2 protein chains.
Amino acid sequence: MAKRATQNDVAKLAGTSTAVVSYVINNGSRPVAPETRKRVLEAIKQTGYRPNNAARALLTGKGTTFGVVVPDLANPFLAHMLQSIEDEFYDHGYSLLVADSHDCLKREEDIIETMMSQQVAGLVWYSVDQPPPAHLLKDFARPVVFANACTPTDTGEVAGQRISVLEDERGSAAELTRELKKRGCRTIGHLGGPRGRINSAERSRGWFDALDDGSDGNPEDHPHHLSAPYTYEGGWQMAEHFVNLGCDGVVVSNEMQAVGLMARLASLGVRIPDDISVVAMHITAHAEYCVPALSGIHVDMADLSAQIATSLLGSGAAATIVPTTYFVERASC
Amino acid sequence: MAKRATQNDVAKLAGTSTAVVSYVINNGSRPVAPETRKRVLEAIKQTGYRPNNAARALLTGKGTTFGVVVPDLANPFLAHMLQSIEDEFYDHGYSLLVADSHDCLKREEDIIETMMSQQVAGLVWYSVDQPPPAHLLKDFARPVVFANACTPTDTGEVAGQRISVLEDERGSAAELTRELKKRGCRTIGHLGGPRGRINSAERSRGWFDALDDGSDGNPEDHPHHLSAPYTYEGGWQMAEHFVNLGCDGVVVSNEMQAVGLMARLASLGVRIPDDISVVAMHITAHAEYCVPALSGIHVDMADLSAQIATSLLGSGAAATIVPTTYFVERASC
DNA sequence: CTGTTAGCGCCTTCAT
DNA sequence: ATGAAGGCGCTAACAG
């Protein structure tokens, strides 16, 4: 095992000191004579030297790595988000530590702890529950983005900057409902996520707002409201219920659910959109290739990740991020 | 910014030395008096101490992080693979550094370099091209899994252990083709990945084997062979060509392509499987919820990641991994 | 402009 | 069973 070359090796070969090598690497931190720089670069090439990030992180207390925590890597929306964020951070020379909480609070806790241990320079946290257990971040003196905040997260007194992504999920769900109404749907149901989650509740509330059918109280208690996990299977299971309820339109809170629901409707011989229209929150490229193509709310992910990167890397600018979203009409409604 | 507690703080509070704290953490590296251990654990809790992984990595030269490199995080197959690997490594207390090469060689190179800089303890590498540019790993004295090796990767003399995932893609593609024949398909086309990639060529070869129509030469030159990127769009674009070629069956080399292809066929009014049957390589949970449900080759991902983790963590056991695959029949054929 | 030096937090001999 | 001390590779002072 050929040991990896160190700054020392390079310095020796270039006939200079390790400090100068450091200056050359961190291009521009200190002026270096062009001739010396050249010798150093040559020596680096010769030895195949690569800086040791662990050492740098130890010294500066700040790694070149950001952490990303999501509840389900196999969810196309989150996969897309991850990809987009990775892209952005790659451009800035940072790496990503990625973890999947599997929608489990206990595991999420563990992951956050580990990330802190790993000296990440910051965190993107798509939390399982809302509001996120921000106390886990106590004296984590690095910026954190709450990727699914919905509502400003009260983080109290903390060490590092805290940024919330404030998407108007309620407004979007209402918009979807109105789009269905506009197309003549009379009985519009809603498929929400697991009960008790605040972001799911926001979407239910939006649907309820636009329904405006005179009913009152908790949207989740409305007869046309159903709940399921954010999975294909979840949507599949609920499809028949909507048919039985006599719905001619469904607002689905998640793309995976919508795909499962449409597949089941097809197998039941229910026509989309003739018999039932379907629209969904947070659709991805996948939606365009459903049969029929799925309509719904799109998030401008490139824009969102750019904003996330900016706040995480920049000097503590905006404390909230508002994603750009828009309704995309396709054949499903 | 409350500075994070160090071993020193813990030692002081427990009235002992940092060495003992270290012993306690690395449970069992050295015997510690039960009573002392208790005091130390108490002090850890009090101070909120968390080991600094950067320091550990610097000292031992080996981090608690593994790298994963894939060409497209938004590809459901790869997303599933990533999730499965993450799961496995989480269980063993390791974190994952994830990067997306975007199917770009230049970027892949860069990523590999970065990962080495980050002192990863090993690498899972789903390479853009085949064979992978293994020279990038020169004197990387850690285990590496070539996740899409197809054929044993000749790595010459290297520092660390090199493991190849040898899936019989050729055999699987042939199996798919035979399944279509069995169902009465007469003119079976193949949609391959980008030309020139060896793993795509393997699949084409398998289709060609089973076609057995007396034609000769390079499968990619067969009139019923088409190529497209591994995307939804790629499949969509090619659908009409297969219709024009008079195909009544298509073996698709990738799930995303298959989804795009089926969507386009539906929009053309072509019935699946009555007019054309479709089968695909490397399908995921998604396939079950296509309309119609997509048939194809499934990879036992839990098994695969377990094997990957074992070889990466274990003491240099198997140098090759053979994934378990099986054909799943659904409505698309 | 360049060299010297002092640690960052941790683990691992070597003593005790 | 425990403590003291050295050093992993690097950067940030501080000299020159």
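Order of the sequence lines fixes the chain letters, A, B, ..., with proteins taken first and strands second; residue numbering starts at 1 for each chain. The structure displayed is predicted, hence computed values, not measured ones.
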For a 4.0 angstrom threshold against heavy atoms of chain A, report the outermost contacting nucleotides of DNA chain C in 5' to 3' order. dC1(C) to dG9(C)
Working to the nearest 0.5 Å, report the span between CG of L96(B) and CD1 of I85(B). 7.0 Å
Rounded to the nearest 0.5 Å, what separation is found between the OG1 atom of T310(B) and the CD atom of E88(B)? 6.5 Å
Looking at D139(B) and R50(A), does any basic side-chain N land under 4.0 Å from a carboxylate oxygen? no
Between the two ends of the helix from dC1(C)-dG16(D) to dT16(C)-dA1(D), what is the bend in degrees, rounded to 10 degrees, where each end axis spans five pairs? 40°
Tightest non-hydrogen contact, residues S101(B) and P71(B), listed as OG-CA, 3.2 Å
Are any of the side-chain heavy atoms of D103(B) and R197(B) separated by less than 4.5 Å? yes
Smallest heavy-atom separation, S95(A) atom then Q118(B) atom, equals OG-NE2, 3.1 Å
If you look only at pairs with a residue in residues 34-45 of chain B, which of them pass as a side chain to side chain donor-acceptor pair (under 3.5 Å), with sequence neighbours excluded? N27(B)-R37(B), E35(B)-R39(B), E42(B)-Q46(B)
Between D9(B) and T47(B), does the side-chain hydrogen bond (donor to acceptor under 3.5 Å, both in side chains) criterion hold? Intermediate values first, please. CA-CA 8 Å; D9(B) 301 324; T47(B) 55; over 6 Å; no
Under 4.0 Å protein heavy-atom contact, by nucleotide of nucleotides 7-16 of chain D - B base, S sugar-phosphate only: BBBBBBB---
Measure the acute angle between the ring planes of F77(A) and Y126(A), then classify it against the limits of 30° and 60° as parallel, tilted or perpendicular. perpendicular
Applying ring pair (Phe, Tyr, Trp, His ring centres under 6.0 Å) between F66(A) and each of Y94(A), Y90(A), W125(A), report the one that passes. Y94(A)
I'd like to check F146(B) versus L137(B) (side-chain heavy atoms, cut-off strictly below 4.5 Å). Are they in contact? yes
Taking only heavy atoms on the protein side, list every residue of residues 34-46 of chain A lying under 4.0 Å from any atom of DNA chain D, sorted numerically. none
Across all chains, not counting sequence neighbours, the side chain to side chain donor-acceptor pair (under 3.5 Å) partners of N199(B) are none
